[in-house]
Enquirer: 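Structure incoming, see below.
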Amino acid sequence: MADPAKTEEKRRAWGDEDEEEDSSSVASSSLVTAASVAAEGKAAEGEASELKKIEELSITEKSRTLDDPEDSEIKAVTSGNTVYEAAVKFEDLNLSQDLIKGLYVEMGFTRPSKIQAVSLPMILTPPYKDLVAQAHNGSGKTTCFVLGMLSRVDPTKEGPQAMCICPTRELAQQNQAVLMRMGKYSGITSMCAIPSESAGYIPVYKRPEVKEHVVIGTPGTIKKLMTGRKLKTGNIKILVFDEADHMLAEGGFKDDSERIMKDIRKESGGCQVLLFSATFNETVKAFVSNVVRDGNQIFVKKEDLTLEKVKQYKVKCYRDRERPDERLKIEVIKKILEYGQKVGQTIIFVRTKESARNLHKQLSSEGYECTSIQGALVIEDRDKIIKEFKDGLTQVLITTDLLARGFDQAQVNLVVNHDLPVNYESYRRGSPEPDCEVYLHRVGRTGRFGRKGAVFNLLGSRDDEALLEMIENHFQHKIPMVDNGQNDDSIVNAIKDAGLL
DNA sequence: AAAAAAC
């Protein structure tokens with residue numbers, strides 16, 4: 001539907017948003033069999049001074065139906081003396097009846113997923129400790145922090161008591177949508193603090209004070225409201241950073257995030273801070289555990305992060321010459337879409353806004369319906385394109401890394417990397433390295449909640465081949481090559497092998 | 001290079 005020429009672009013886009021992580025589907029459950037507590041080191045039994053215990057939560061999961069992405073062990077390190085028991089049922093969590101009803105009736109959940117089982121007790125048990133939590137894509141992280149926020153709000157009191165900071169507008173909106181559904185029966189109110197349409201822009205000083213209980217938004221708007229004294233943070237009890245590794249990364253939102261965290265911690269007299277993401281590279285991890293020194297931690301080994309039900313492939317899209325063959329990429333994409341349309345929705349990732357536009361134009365002109373989104377679009381168009389895709393009105397969405405993180409759409413079962421994610425710093429240094437974290441997030445747009453999916457990585461050069469090899473090594477996961485031949489069934493077979501079709 | 005962002 002979307003006509004590329006029709007979508008206006010703004011010279012300076014200051015919208016933010018992106019979409020979140022777990023949405024509609026049933027959080028399928030993993031069975032928590034045992035939580036054995038092993039004392040760190042060879043500490044003698046009487047050593048009460050030992051502050052840290054390492055709990056190896058060995059978790060066997062039984063994926064009963066189609067859900068259950070998390071196979072691997074997650075390792076939890078607790079701080080302090082509290083012993084947490086994994087929640088087998090939502091009833092184990094002392095939630096209000098309103099929230100229980102929201103989980104079962106509105107969300108349709110049955111039991112906590114693995115990350116929920118492990119993290120929710122840590123979030124909800126006093127004394128309220130900070131938490132850094134890593135879990136697989138599509139494993140239900142959003143539910144963890146949304147439930148955390150809802151549980152800590154007193155609906156009889158007015159004003160902000162919980163806050164969530166996200167990297168993009170789309171993600172903030174998606175998270176708020178989840179919160180509203182889950183909190184449907186609780187009487188808890190929320191607002192989305194993101195840049196609004198330029199037409200209806202109201203300067204901060206003219207806005208009323210925020211009265212809602214929960215504020216979800218992007219760093220700039222949140223900061224603006226805070227400095228404009230329209231967002232009082234004195235009663236904030238819980239502060240969440242979604243996609244926390246990115247929110248705290250150099251070159252990410254580090255400065256904004258630290259500022260916000262510092263101010264709120266001071267104003268509120270110390271509030272609980274939750275950091276959630278599917279990825280934490282070593283640099284961020286070191287920094288993060290410094291930020292939440294006295295907190296609990298949940299981590300997953302990077303080798304265990306790849307989603308089993310999502311099949312990854314690579315396709316050679318260059319011929320003899322060692323330069324990208326855009327034409328060949330288009331042909332391969334067309335092949336993928338031919339069959340992809342039959343199985344569900346497709347997201348195509350590109351590196352730049354310009355490629356998003358160009359690819360959109362090209363595919364459209366060849367009769368392949370698609371839409372595209374990137375940060376230069378005006379907010380109205382961004383919202384419209386997301387809505388159309390979420391409503392299933394469009395099948396193919398071309399995007400920059402705007403949607404790499406958190407975007408949750410169960411029907412997406414094909415992801416195409418038209419360009420591989422490259423670490424910009426290394427690129428500038430002249431020795432390009434892949435951005436493995438972004439790669440993992442892109443892959444995670446499919447296979448939500450244990451569903452099946454396929455990812456096609458288009459290799460435009462020998463360099464791309466080397467990049468993907470580094471990604472394979474990073475995750476210790478070999479990615480098979482699929483023939484690009486236009487005359488055989490390699491692509492179809494790959495889609496079939498992934499369990500689609 | 002992507003994203004957020006202002007009055």
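Computed from a predicted structure; not experimentally measured.
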Enquirer: Using whole Å, report how far CZ of A/Arg429 lies from P of B/dA1.
Expert: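 Going from CZ in A/Arg429 over to P in B/dA1 covers 17 Å.
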Enquirer: For A/Asp435 and B/dA3, what is the distance between atoms CG and P respectively, to the nearest whole Å?
Expert: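 Those two atoms, CG and P, are 14 Å apart.
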Enquirer: If you draw the axis of the six-membered ring of A/Phe299, does the NZ or CZ of A/Lys285 fall within 45° of it and under 6.0 Å from the ring centre?
Expert: yes
Enquirer: Going by side chain to side chain contact (heavy atoms under 4.5 Å, CB included), A/Asn137 matches just one of A/Arg405, A/Arg442, A/Arg445. Which one?
Expert: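 Result for side chain to side chain contact (heavy atoms under 4.5 Å, CB included) with A/Asn137: A/Arg445.
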Enquirer: Taking only side-chain N and O atoms of A/Lys223, does any of them lie within less than 4.0 angstrom of OP1 or OP2 on B/dA6?
Expert: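 Looking at the OP1 and OP2 atoms of B/dA6, neither is under 4.0 Å from any side-chain N or O of A/Lys223.
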Enquirer: Let's see if you can work this out: which of B/dC7, B/dA3, B/dA1 has an atom nearest to the side-chain heavy atoms of A/Gln374?
Expert: B/dA3
Enquirer: Cation over ring, A/Arg462 on A/Tyr318, under 6.0 Å and within 45°?
Expert: no
Enquirer: Rounded to the Å, how far apart are A/Tyr201 OH and B/dC7 C1'?
Expert: 6 Å
Enquirer: Check the distance between B/dA2's C1' and A/Leu420's CG and give it to me in whole angstrom.
Expert: 16 Å
Enquirer: To the nearest angstrom, how far is A/Ile398 atom CD1 from B/dA2 atom P?
Expert: 15 Å
Enquirer: Would you say A/Thr400 reaches B/dA3's phosphate, i.e. side-chain N/O to OP1/OP2 under 4.0 Å?
Expert: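 Checking A/Thr400 against B/dA3: at least one side-chain N or O falls below 4.0 Å of OP1 or OP2.
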Enquirer: In whole Å, I'd like the distance from the CZ atom of A/Arg207 to the P atom of B/dC7.
Expert: 10 Å
Enquirer: From the options B/dA1, B/dC7, B/dA3, select the nucleotide whose nearest atom is closest to the side chain of A/Lys224.
Expert: B/dC7
Enquirer: Has A/Arg382 got a side-chain N or O lying under 4.0 Å from the OP1 or OP2 atom of B/dA3?
Expert: no
Enquirer: Would you please confirm or rule out a distance under 4.0 Å between OP1 or OP2 of B/dA5 and any side-chain N or O of A/Thr221?
Expert: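 Yes, because at least one side-chain N or O of A/Thr221 sits under 4.0 Å from OP1 or OP2 of B/dA5.
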Enquirer: Would you mind reading off the distance between A/Asp242 atom CG and B/dA3 atom P, rounded to a whole angstrom?
Expert: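 Distance check: A/Asp242 CG to B/dA3 P gives 18 Å.
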Enquirer: Whole angstrom is fine here: how far is it from CD1 in A/Ile194 over to P in B/dA5?
Expert: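 Going from CD1 in A/Ile194 over to P in B/dA5 covers 8 Å.
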Enquirer: Would you verify whether the NZ or CZ of A/Lys301 falls within 45 degrees of the ring axis of A/Phe475 while also being under 6.0 Å from that six-membered ring's centre?
Expert: no
Enquirer: Do the side-chain N and O atoms of A/Tyr427 and A/Glu433 include a donor-acceptor pair separated by under 3.5 angstrom?
Expert: no
Enquirer: When all nucleic acid strands are considered with a 4.0 Å heavy-atom cut-off, which category describes A/Gly251: base, sugar-phosphate, or nothing?
Expert: base
